[in-house]
Structures are given as structure tokens and as C-alpha cells.
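Note sheet for the following structure.
We name chains A, B, ... by the order of the sequence lines, and we start the count at 1 in each one.
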Protein chains: 2
Amino acid sequence: MDEDDVGTVDVPEATVARLPQYLRALSVLAEAGLRTVSSEALAEAVGVGSAKLRKDLSHLGSYGTRGVGYDVTGLHRQIADRLGQATPWNVVIVGIGNLGHALAGYGGFADRGFRVVGLFDDGPQVVGEVVGGVRVRPLSELDRVVHPGETIGVLAVPAEHAQDVCDRLVAAGVRSVLNFAPAVLRVPDGVDVRKVDLASELQILAFHAQRRGVRGNVPARVPSLGPVTERVGEVV
Amino acid sequence: MDEDDVGTVDVPEATVARLPQYLRALSVLAEAGLRTVSSEALAEAVGVGSAKLRKDLSHLGSYGTRGVGYDVTGLHRQIADRLGQATPWNVVIVGIGNLGHALAGYGGFADRGFRVVGLFDDGPQVVGEVVGGVRVRPLSELDRVVHPGETIGVLAVPAEHAQDVCDRLVAAGVRSVLNFAPAVLRVPDGVDVRKVDLASELQILAFHAQRRGVRGNVPARVPSLGPVTERVGEVV
DNA sequence: TAGATTGTTAATCGATTAACAATC
DNA sequence: TAGATTGTTAATCGATTAACAATC
């Protein structure tokens with residue numbers, strides 16, 4: 001495959017979802033000074049099987065070297081290119097409440113190719129506040145910050161406002177939305193929405209815990225630093 | 001299937017991940033006063049196909065009524081039971097930085113069957129602070145709050161501390177972990193870990209955006225509230 | 001050449017989907 | 001009975017996995 005062919009061939013969705021994990025592991029290995037890495041070792045670092053890793057990389061048209069492994073920085077650059085991280089993506093966050101605040105101040109985005117360029121909220125007590133060096137603006141100013149098609153919108157508003165705010169983001173030219181509101185968003189074709197539902201994640205854990213039957217009966221042997229009877233389980 | 005058989009039969013993982021969405025939609029419908037709902041209507045509310053919804057519910061052994069639909073409150077209770085929400089789950093949050101703070105103050109957990117019973121951090125400037133009515137404690141007090149097997153641990157610490165803190169949670173009896181740190185956790189059998197990686201979510205969106213080819217070329221027609229030339233795209 | 005490790009093949013597994021018989 | 005809608009079947013699709021020939 002050609003270097004210029006980036007993005008031409010279809011990559012399975014399950015593979016795409018793992019690319020960020022590979023990228024991160026490669027960053028760590030590169031920082032540790034490693035030059036090459038085998039599929040076995042990289043897979044171990046990411047917590048997947050080596051066959052799956054090789055299959056994933058084969059979709060990128062990535063070439064390792066048989067008998068040797070993958071060039072750490074080379075593979076890192078290849079994946080980073082695929083994720084469009086040659087230049088950083090602009091991100092706007094709408095809804096500067098509890099969660100929006102945290103996301104605005106989260107250092108982990110900059111490290112991974114994203115730049116928070118706008119914060120938006122219509123609450124009069126929030127507008128004007130500066131979070132992480134960025135001033136909070138009213139939503140009416142969305143157009144001034146969003147580069148159509150080049151800006152990712154993060155939605156951290158209450159569920160009841162999510163659709164409305166999403167519509168405004170799309171109108172401003174946002175084509176990629178990360179939705180933290182527990183609401184289903186309708187968007188036109190060509191707009192990509194991903195949803196992160198924090199409570200759902202807990203509910204899924206709860207389902208499995210319930211299924212393991214830990215509820216109600218005393219768990220068999222739990223590694224513990226002290227006798228069980230000492231635990232008071234108070235709720236602060 | 002028996003009412004008592006809850007949790008006996010295997011539910012596919014993909015189905016489990018959708019149960020929280022169904023539950024939420026049913027809450028909304030119940031609040032709107034709806035008595036029954038068809039698979040078509042419920043599926044529409046959740047944004048999935050009706051065949052998938054019926055298949056999912058069939059795994060629960062749930063019985064709707066042919067020709068009529070599903071009883072809204074009945075189905076709600078059934079799913080809530082499966083998620084173990086007859087009684088609330090206890091949650092502890094470790095790492096009261098930016099994100100941990102937001103999670104501790106997030107109202108959306110209580111509504112959905114979870115109770116934040118402990119906040120932990122070893123930073124001397126954070127310990128003792130009260131967030132959302134709960135006092136931040138040092139990690140050494142984990143044992144006092146965790147009910148072995150009945151408490152879900154939320155990890156909001158930096159990646160480099162994630163494994164260590166996770167080990168301490170497990171030692172205290174936590175069997176379900178929600179990990180926000182971009183790190184791979186090793187846990188013993190019987191411990192369930194889910195990972196939420198915020199930067200990854202953005203990277204996946206970026207991959208698709210890049211693939212759509214929005215980068216570099218002006219997008220065709222973007223619905224907009226004003227002329228494109230007016231956008232200055234400043235970075236605050 | 002001998003040893004190591006990739007990239008690919010083929011088998012398997014799980015999830016989705018459409019269609020429809022069962023039945024309210 | 002006629003109309004509506006479930007629960008299930010069977011076909012299809014996509015993802016995972018193990019094995020191994022290719023090749024460094």
C-alpha cells in the first residue's frame with residue numbers, strides 16, 4: 001500500500017477502537033527507548049492477543065519485518081497519521097458544569113492530539129469564567145470558534161438540552177460529536193456521534209456483579225488487609 | 001422462566017450493554033404516563049432496530065403481549081432487577097483530581113441506582129475536602145468504607161498510579177472497577193474491569209473524520225447560521 | 001542455514017437482521 | 001374474526017482465533 005493511500009481502505013470498526021490503545025502503548029515503549037517490538041510484546045502491553053494485533057495492523061497495511069517485529073517509532077507514526085494526528089484537532093466543549101469543567105481542565109487531551117479551543121455555556125454565572133486558560137462564551141458565539149468539519153464537539157449538558165445543543169453544533173459545522181448526556185441524538189447523515197454514558201458503565205458492571213452473585217452472600221475469600229468484622233461500612 | 005431465575009441464563013454482552021439504554025427510555029416513557037409500548041416505539045426511542053430490541057428482551061425471558069406490546073413499568077422493573085438496582089450499589093471514587101471531582105459531584109449516578117459512599121486521595125491538599133457532601137479520605141481508610149464484593153470502585157488517578165491503586169481496591173474487596181486512567185490493569189480472576197478512555201473516544205471520532213476527508217478541503221454544504229466568511233476561527 | 005516472527009488463511013464464534021408463525 | 005405485535009427461526013455479517021506458510 002502507498003503512503004498516500006491513508007484512509008482509502010476500510011478498517012473494521014473493532015480495529016479502529018483499538019488503534020488508540022496501540023498508539024499509547026507505542027508511546028510508552030518509545031519513551032522507554034525500545035527500537036522494535038514483536039506483536040507478542042505489544043499485544044501483551046495492550047492486553048489483547050497477538051493474533052488480533054497482527055490482524056488489526058494488517059488492515060492498516062502496516063508492514064513489520066518477519067523475524068524481527070515492528071519498528072516502534074515507525075508504527076507509532078503510521079497509526080498517528082491514520083488518526084489524523086499529524087496536526088492537532090480542535091475541540092469545543094459545550095456545557096461547563098461539573099463534567100464540562102473537568103473535561104476543560106483535563107490534561108490528557110493535549111498529549112493525544114487535541115486542543116480545546118472553545119468552551120460554551122449559556123448560564124450567566126458561568127460565561128466569562130476562564131477554565132484551563134480558555135474563556136467560557138455564550139453559545140451564540142459558536143460560529144466564531146468552530147471551523148466547519150474540522151472541529152470536534154463535546155456535549156456535557158443535561159439530557160434535556162442535548163438535542164438542542166447538538167443541533168446548534170451541527171449548524172455551526174461540527175461533524176463529530178462526543179456526547180456525555182444520557183440522551184439519544186438525531187443527527188443528519190455525515191455527522192458522527194459517539195456516546196459516553198458514565199452511569200451506564202456502572203450499570204453494566206452492576207449486571208455482572210449481580211450475575212456473579214456477590215450480592216447478599218459473603219464472598220468466599222477476598223484478599224484483605226484486615227478482618228472483615230472491623231469494617232464499619234459507614235457512609236461518611 | 002421463573003421470577004427467581006434472575007441471572008441464571010446467559011445474556012450476550014452486546015445485549016447487556018444496551019440494557020441501561022432501554023431502562024432509561026422506559027423511565028422517560030413511564031414519566032410521560034405511557035402504560036404500554038411496542039418494540040417498534042421503544043426501539044425508536046433508543047435508536048436501535050425493533051428486531052434487535054425484541055431479541056435482546058427475549059434473552060431476559062421477558063414477556064410482552066403479542067398484539068399489544070410491553071408493559072412499561074413491568075419491563076422497567078424487570079430490567080432494573082437484572083441490573084441489580086432493587087437496592088443501590090455503593091461506589092467509591094479514588095483520585096479526586098479534575099475528573100474525580102466531577103464524578104463525585106455528578107448528580108446522574110444517584111438517579112440510576114448508585115450511591116457514592118467514599119472519596120479517596122492521598123494528596124495532602126485534597127484529603128479532608130468535602131465534595132458532594134462526602135469527605136475525601138486517605139487511601140489507608142479504604143477498608144473502612146468498602147463492603148467486600150458489594151462496592152464498585154471508580155479509578156480517576158493518573159495512568160502511572162492506576163495499577164497500584166487498583167491493587168489496593170481489590171485488596172479491600174472491590175470486585176468491579178471502572179477505570180478512567182489510560183492504562184491497562186491486571187486483576188485477578190473474578191474482578192471485572194471496564195475502561196473509559198476519554199481521549200480514545202476523541203481519537204476514534206478523529207479517525208472517522210479523517211476518513212471522511214474533511215481535513216483540508218472545505219466541506220460541501222454545512223447548515224449554518226451565517227456566512228462562512230464571517231467565521232474568524234480564533235483560538236480565544 | 002536455523003530461529004524468529006510476520007501476514008494471511010480458514011475455522012469458529014457471536015451479533016445483527018429480516019421474515020414470519022404464533023398468538024393476543 | 002381481523003389487525004397488531006411478539007418471540008423465534010434462519011440467514012447474514014463481522015470479529016476473533018489458531019495455525020502456518022512466507023520470509024527476514
> For B:Q210 and A:R82, does a side-chain donor sit closer than 3.5 Å to a side-chain acceptor?
Replying inline: no
> Can you name the salt bridge (charged side-chain N to carboxylate O under 4.0 Å, His left out) partners of B:R24, sequence neighbours left out?
Replying inline: none
List the atom pairs, with distances to 0.1 Å, where a side-chain N or O of residues 94-102 of chain B and a protein N or O form a donor-acceptor pair under 3.5 Å, not counting sequence neighbours.
residue: B:N98; atom: ND2; partner: A:G105; partner atom: O; Å: 2.9
residue: B:H101; atom: NE2; partner: B:E129; partner atom: OE2; Å: 2.9

> Which residue, A:V68 or B:T65, contacts DNA chain C at a nucleotide closer to its 5' end, judged by nearest heavy atom?
Replying inline: A:V68
> Quick one: A:L75 CG to C:dT6 P, roughly how many Å, whole number?
Replying inline: 11 Å
>> Regarding C:dT5, can its base be found pairing with the side chain of A:R66 as donor and acceptor, where the two atoms are less than 3.5 Å apart?
In response: no
>> Whole angstroms only, please: what is the OH-C1' distance between B:Y70 and C:dC24?
In response: 13 Å
For residues 151-161 of chain B, which side-chain donor-acceptor pairs fall under 3.5 Å, sequence neighbours excluded?
residue: B:T151; atom: OG1; partner: B:H147; partner atom: N; Å: 3.0
residue: B:T151; atom: OG1; partner: B:H147; partner atom: O; Å: 3.3

> With side chains defined as the heavy atoms from C-beta onward, is the minimum distance between B:L60 and B:L57 less than 4.5 Å?
Replying inline: yes
> When you measure from every atom of DNA chain C, which of residues 13-35 of chain B have a heavy atom less than 4.0 Å away?
Replying inline: B:E13, B:A14, B:R18
> Would you say A:N179's side chain and A:A183's backbone share a donor-acceptor pair under 3.5 angstrom?
Replying inline: yes
> In residues 41-58 of chain A, what residues come within less than 4.0 Å of DNA chain C, judged by heavy atoms?
Replying inline: A:R54, A:K55, A:S58
> So do B:D197 and A:Q21 actually touch side chain to side chain, heavy atoms under 4.5 Å?
Replying inline: yes
>> Let's test your reading of the pairing rules: Watson-Crick or G-U wobble, both distances under 3.5 Å, then write DNA chain C as a dot-bracket string with ( ), [ ], | and dots.
In response: ..||||||||||||||||||||||
> For A:E40 and C:dG7, what is the distance between atoms CD and P respectively, to the nearest whole Å?
Replying inline: 15 Å
> Does B:N90 reach the side chain of B:V146, with side-chain heavy atoms less than 4.5 Å apart?
Replying inline: no
> Taking atom C1' of D:dA15 as reference, at what distance in whole Å does atom NE2 of A:H59 sit?
Replying inline: 9 Å
>> Pairing donors with acceptors under 3.5 angstrom, does anything connect the side chains of A:R112 and B:S200?
In response: yes
> Can a donor-acceptor pair be found between the side chains of A:S176 and B:H208 at a distance below 3.5 Å?
Replying inline: no
>> I'd like to know if the side chain of B:Q163 and the backbone of B:R186 have a donor-acceptor N/O pair within less than 3.5 Å.
In response: yes
>> Looking at B:S39, I'd like to know whether one of its side-chain N or O atoms comes within less than 4.0 Å of OP1 or OP2 on D:dT5.
In response: no
